[in-house]
Amino acid sequence: MPNEASRQTPMRRKLIGRKLKVARLAATKPLPLRHPDIVDAVGSTRTAQRLEDGEATLLTYPVIGTLCDLYGISAEEKFELQRLWRLGGATTWTQPRGRSVFGFDAFRELQSHASVVHQYESTFVPGQIQSESHMRMLFGSNPTLSAAEAEEEVQIRLRGQQSFWEGTHPNHHFLMSEAVLRFGCDAEQINRLIEADSLDHATVRYLPFAGGPPHHMHLPFILLSFPAENDPDIVFVEAQNGYLYFEEAESVEYYSSGLESVADQARSIKEFKL
């Protein structure tokens, strides 16, 4: 996938255009692009179409806010969409950590459009392929969560897994350090990983300790690729206090080359022994 930001609209702005289109069509009374209020806001039907198609426009963030109001988007989500739009052509951007802090989950939107996902984990089993008992162990041992809150997190994660196990997710390639498998994984959890690896749309592999520390693989990350040729690959990194997104070619290459460098070292989860 190309990542020459100077030649294309940043993926962040494409996401906003797609989000606005969905909101327009889902409104109580769906508005056609030729609606006078839309044309007054953006200048022309052609500009409105370019926005929804992810093409470059000169629209400003107040225009995005006006469209949010027209389509009935919540104040919290409107705030975040405007904030992200104001970043202009930036190819590195952030969101505060925490579920629905501003009502717009950029990662969830990106994942819904992705065709291939590569995910590397150094500490935790990826949420999509955790067993229920493993979830309960993780959330139950979190000192910041009450018992009720831990149970709520378990139920949220179980619901979040459904699309993956039903096969409506993109092709997903999981890679983990052996440390992940040694941090509280029991036979049930290992079997869950093997089950995931047997799915047509997923692979599960790990990096054995015997191979030594992997180069360029110091932090967990997710690399998302998209079916449209002009949609750049994006790297998502979950930091301690925020979510980081990279779509600049040099940054994406750093992470993708890390995956390539350990490809021969990686082993199928079916080879792992507790």
Side-chain angles (χ1 to χ4, degrees), residues 1-25 42 47-61 63-65 67-68 71 73 76-120 128 163 168-173 219-239 242-259:
M1 293 294 178
N3 282 84
E4 298 178 44
S6 61
R7 293 171 49 191
Q8 59 192 356
T9 305
M11 194 62 185
R12 167 180 38 79
R13 284 199 163 186
K14 292 184 180 186
L15 278 184
I16 295 171
R18 293 167 184 172
K19 178 66 179 179
L20 289 171
K21 180 179 181 179
V22 169
R24 175 176 66 81
L25 296 176
V42 305
T47 300
Q49 187 69 63
R50 288 177 63 86
L51 170 65
E52 292 189 357
D53 289 346
E55 299 177 22
T57 72
L58 297 177
L59 298 177
T60 59
Y61 80 92
V63 174
I64 302 302
L67 294 176
C68 288
Y71 304 159
I73 291 175
E76 294 83 2
E77 193 164 17
K78 170 186 172 181
F79 177 90
E80 182 64 354
L81 292 174
Q82 286 187 293
R83 184 188 74 84
L84 292 174
W85 190 267
R86 291 184 72 181
L87 297 177
T91 54
T92 299
W93 41 287
T94 67
Q95 282 195 300
R97 184 183 176 92
R99 185 182 299 110
S100 302
V101 173
F102 290 108
F104 178 70
D105 187 336
F107 176 73
R108 182 177 298 175
E109 294 288 333
L110 287 167
Q111 192 172 48
S112 71
H113 293 290
S115 56
V116 180
V117 178
H118 290 272
Q119 182 169 356
Y120 172 68
Q128 304 96 313
S163 61
T168 56
H169 252 231
N171 289 334
H172 207 128
H173 303 289
L219 294 172
F221 65 89
I222 299 175
L223 172 62
L224 302 107
S225 298
F226 305 90
E229 187 174 350
N230 63 346
D231 282 354
D233 290 355
I234 286 187
V235 171
F236 169 80
V237 177
E238 186 174 350
Y243 302 133
L244 312 179
Y245 300 84
F246 303 94
E247 57 182 284
E248 183 182 31
E250 184 178 356
S251 297
V252 172
E253 174 61 23
Y254 176 86
Y255 289 94
S256 61
S257 65
L259 290 172

Does Trp85 reach the main-chain N or O of Leu59 with its side chain, forming a donor-acceptor pair under 3.5 Å?
yes
Between Val252 and Pro232, is there a side-chain heavy-atom distance shorter than 4.5 Å?
no
Of all the heavy-atom pairs spanning Ala106 and Tyr245, show the shortest one and how long it is.
CB-OH, 3.6 Å
Residues forming a salt bridge (charged side-chain N to carboxylate O under 4.0 Å, His left out) with Arg12, sequence neighbours excluded:
none
Separation between CG of Leu84 and CD1 of Ile64, rounded to the nearest 0.5 Å:
11.0 Å
Among Arg18, Arg24, Arg13, the one residue meeting salt bridge (Lys or Arg N to Asp or Glu O under 4.0 Å) with Glu52
Arg24
To check you understand the geometry: which heavy-atom pair defines the closest contact between Gly54 and Thr9, and what is its length?
O-OG1, 3.1 Å
Can you list everything that forms a side-chain hydrogen bond (donor to acceptor under 3.5 Å, both in side chains) with Trp93? Sequence neighbours excluded, please.
Glu247
Minimum heavy-atom distance between Arg50 and Ala56, given as atom pair plus value:
NH2-O, 2.8 Å
So how far is it from Leu259 CG to Gln119 CD, rounded to the nearest 0.5 Å?
11.0 Å
With sequence neighbours left out, what residues match Asp53 under side-chain hydrogen bond (donor to acceptor under 3.5 Å, both in side chains)?
Gln49
Atom OG1 in Thr94, atom CG in Leu87: separation rounded to 0.5 Å?
7.5 Å
Mind checking side-chain hydrogen bond (donor to acceptor under 3.5 Å, both in side chains) for Gln82 and listing every partner two or more places apart, or none if nothing turns up?
none
Please confirm whether the backbone N or O of Thr168 pairs with a side-chain atom of Ser163, one donor and one acceptor, at under 3.5 Å?
no
Does Tyr61 have any ring-ring contact (aromatic ring centres under 6.0 Å, His included) partners at least two apart in sequence or in another chain, and if so, which?
none
Separation between CG of Leu15 and NE2 of His113, rounded to the nearest 0.5 Å
5.5 Å
Which of these passes side chain to side chain contact (heavy atoms under 4.5 Å, CB included) with Leu223: Val116, Asp233, Val117?
Asp233
Please evaluate residues Leu67 and Leu81 with respect to the criterion side-chain contact (heavy atoms from CB on, under 4.5 Å), reporting the C-alpha separation (whole Å), side-chain torsions for both, the decisive distance (0.1 Å), and the verdict.
CA-CA 11 Å; Leu67 294 176; Leu81 292 174; over 6 Å; no
Evaluation steps, side-chain contact (heavy atoms from CB on, under 4.5 Å), between Glu77 and Glu80
CA-CA 5 Å; Glu77 193 164 17; Glu80 182 64 354; 5.8 Å; no
Could you tell me which non-hydrogen atom of Ala114 sits nearest to which non-hydrogen atom of Pro170, and how far apart they are?
O-CB, 3.3 Å
Quick check for you: to the nearest 0.5 Å, what is the distance between Leu224 atom CG and Gln111 atom CD?
7.0 Å
Could you tell me whether a side-chain N or O of Gln95 sits under 3.5 Å from a main-chain N or O of Phe104, the two making a donor and an acceptor?
yes
Can you list the steps and then say if Cys68 with Leu20 is a side-chain contact (heavy atoms from CB on, under 4.5 Å)?
CA-CA 7 Å; Cys68 288; Leu20 289 171; 4.0 Å; yes
Got a second to check how far Thr92's OG1 is from Leu244's CG, nearest 0.5 Å?
9.0 Å
Residues Phe246 and Ser251: closest non-hydrogen pair is CB-CB, 3.9 Å
With sequence neighbours excluded, what pairs up with Glu238 under the salt bridge (charged side-chain N to carboxylate O under 4.0 Å, His left out) test?
Arg97
Is it true that a side-chain atom of Thr57 and a backbone atom of Thr47 form a donor plus acceptor pair closer than 3.5 Å?
no
Any idea which heavy atoms bring Pro10 and Ala90 closest together, and the distance?
CB-O, 4.1 Å
Among Phe236, Tyr255, Tyr120, the one residue meeting side chain to side chain contact (heavy atoms under 4.5 Å, CB included) with Ile222:
Phe236
